[in-house]
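Just below is one structure, and these are the notes that go with it.
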Number of protein chains: 2
Amino acid sequence: MNNSHNIFEKNIHDEIIFLLSDIGNFFNKKGDLIAKKAGLTTLQWIILLNIARDPNLPVVKDNDMVHPGVLASEIAENRGVSRANISPIISTLIKNKYITQKDHSTDRRRKTLHISQKGMNALKSIQEERRFLNDRLFDSISKNNQSILVQSLQHLLNTVSGFPHEEKTDSV
Amino acid sequence: MNNSHNIFEKNIHDEIIFLLSDIGNFFNKKGDLIAKKAGLTTLQWIILLNIARDPNLPVVKDNDMVHPGVLASEIAENRGVSRANISPIISTLIKNKYITQKDHSTDRRRKTLHISQKGMNALKSIQEERRFLNDRLFDSISKNNQSILVQSLQHLLNTVSGFPHEEKTDSV
DNA sequence: TAATATGATTAAGCTTCTTAACTATTAAGT
DNA sequence: ACTTAATAGTTAAGAAGCTTAATCATATTA
């Protein structure tokens, strides 16, 4: 085997990053297939989950106490994408009756988003299939390692996204 | 707080999936910024790493013993994407002298890909910046948890990608 | 030899994402 | 109070990554 051109060292950090990138890509593609059965694209589905406040989503902020419903800008912030990216998808979801839009009570720039019964039904049908696949996926990873996984991933996401100013972080 | 519309249960598997998806997306975007400094898109960079055989990439197959260099179809398989997706990017990389292409010794359908000095230099400059960021990123995750992370992620990737026929898998 | 499979490419089109420009409304500064 | 800033949302134009289908050349197999 000729490895003379291989200047790279084995490095566990790089390895983890590449694994995360590949797995993320895979789930985004696989999500496509499942969501498509309910007539949604992956993004539409994720946005719908945000509006329905799925408790398993990594959430930056939950303003349910401040106002009922969800703002497009809050979804964009949670997803780490631009508002411009969310906007046309919201329009489609409204047009297809998965969600409704209301005027904010005091701030007329804002429009709050609310999931409809049809949207809820779509999420439920997707959820069933997902739950089945996911549970099988984690079958052979121990409970203990699953909880280490969650902690480490939350820590990584917090570090790379919203909180670059954090000086002290808990070790995991 | 009004949670009457929240029919979803807290579920660690869903939580992990969403975290993986978000983190994957983030790294793909962040990779963009770093790769761009070397004049590459994320995909170009990943493909270049495949051709240079970075040992940290999750690899399905390494055919270095079968033939020197890398085939476009091997890269597509490793990345889990179609050959059609890879093709124009290979052309660009050749045009920009990051890689070279040679005829396969015995099979004239095949074209083997080889990284050039310019390609190697680009990878080195990207690598430096990445190494610095990555090491900081994992600062507060213990060595032990890092190795659990690698094992679990490898297991997940193997399960979801190439090996759906596997009946028995090692517990991690 | 004929049918089939493999490797690579091209064309057309979809989804996700971006930045920039725009409107409307609210908040802040002086 | 009045001008300036920031915030919420939309739209337009375009880049990147992906797909399937069609095509061509070469290899394999039956």
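Each chain gets a letter, A, B and so on, in the order its sequence line appears, and its residues count up from 1. Because the structure is a prediction, the values reported are computed rather than measured.
Residues passing the salt bridge (Lys or Arg N to Asp or Glu O under 4.0 Å) test with B:Lys37, sequence neighbours excluded: B:Glu129. For A:Arg109, the salt bridge (Lys or Arg N to Asp or Glu O under 4.0 Å) partners at least two apart in sequence or on another chain are A:Asp107. Annotation: side chain to side chain donor-acceptor pair (under 3.5 Å) contacts of A:Asn134 (sequence neighbours excluded): B:Asp14.
In this structure, B:Lys36 atom NZ and C:dT18 atom P are separated by 11 Å, rounded to whole Å. To the nearest angstrom, P of C:dA24 lies 15 Å from CG of A:Asp103. Atom CG of A:Asn25 is separated from atom P of C:dC17 by 12 Å (rounded to the nearest Å). Computed from coordinates, the A:Leu40 CG to C:dT16 C1' distance equals 16 Å when rounded to whole Å. Rounded to whole angstrom, the span from the NZ atom of B:Lys29 across to the C1' atom of C:dT15 amounts to 14 Å.
Once you apply a 4.0 Å limit to the heavy atoms of chain A, the touched nucleotides of DNA chain D run 5' to 3' over D:dA6 to D:dT19.
A salt bridge is defined here as a Lys NZ or Arg NE, NH1 or NH2 lying under 4.0 Å from an Asp or Glu carboxylate O, and B:Glu77 with B:Arg83 fails to meet this definition. Salt bridge present: A:Asp22 and B:Arg79 bring a charged side-chain N and a carboxylate O closer than 4.0 Å.
C:dT26 is unpaired under the Watson-Crick or G-U wobble criterion, no partner having all donor-acceptor distances under 3.5 Å. Remark: D:dA5 base-pairs with no nucleotide in the shown strands. Criterion, Watson-Crick or G-U wobble with two distances under 3.5 Å.
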Distances under 3.5 Å between protein N/O atoms and the N/O atoms of nucleotides 25-28 of chain C, please, pair by pair.
residue : atom : partner  : partner atom : Å
C:dT25  : O2   : A:Arg109 : NH1          : 3.3
C:dT26  : OP1  : A:Arg108 : N            : 2.9

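Interface residues of residues 81-91 of chain B facing DNA chain D, ordered by number: B:Val81, B:Ser82, B:Ala84, B:Asn85; criterion, heavy-atom separation under 4.0 Å.
Side chain of B:Lys102 to backbone of B:His114: no donor-acceptor contact under 3.5 angstrom is found. Using modelled atom types, no side-chain atom of A:Lys124 and backbone atom of A:Gly119 make a donor-acceptor pair closer than 3.5 Å. The closest donor-acceptor contact from the side chain of B:Thr112 to the backbone of B:Leu71 lies at 3.5 Å or more, if one exists at all.
In this structure D:dA5 sits in the syn conformation; its chi angle is within 90° of 0.
More than 12 non-hydrogen atoms from other residues, nucleotides or ligands lie less than 6.0 angstrom from CG of B:Asn121.
Ring pair B:Phe18/A:Trp45 is tilted by interplanar angle, where 30° to 60° counts as tilted.
Taking hydrophobic clusters as Ile, Leu, Val, Met, Phe, Trp and Tyr residues chained together by side-chain heavy-atom distances below 4.5 Å, B:Phe132 shares a cluster with B:Ile34.
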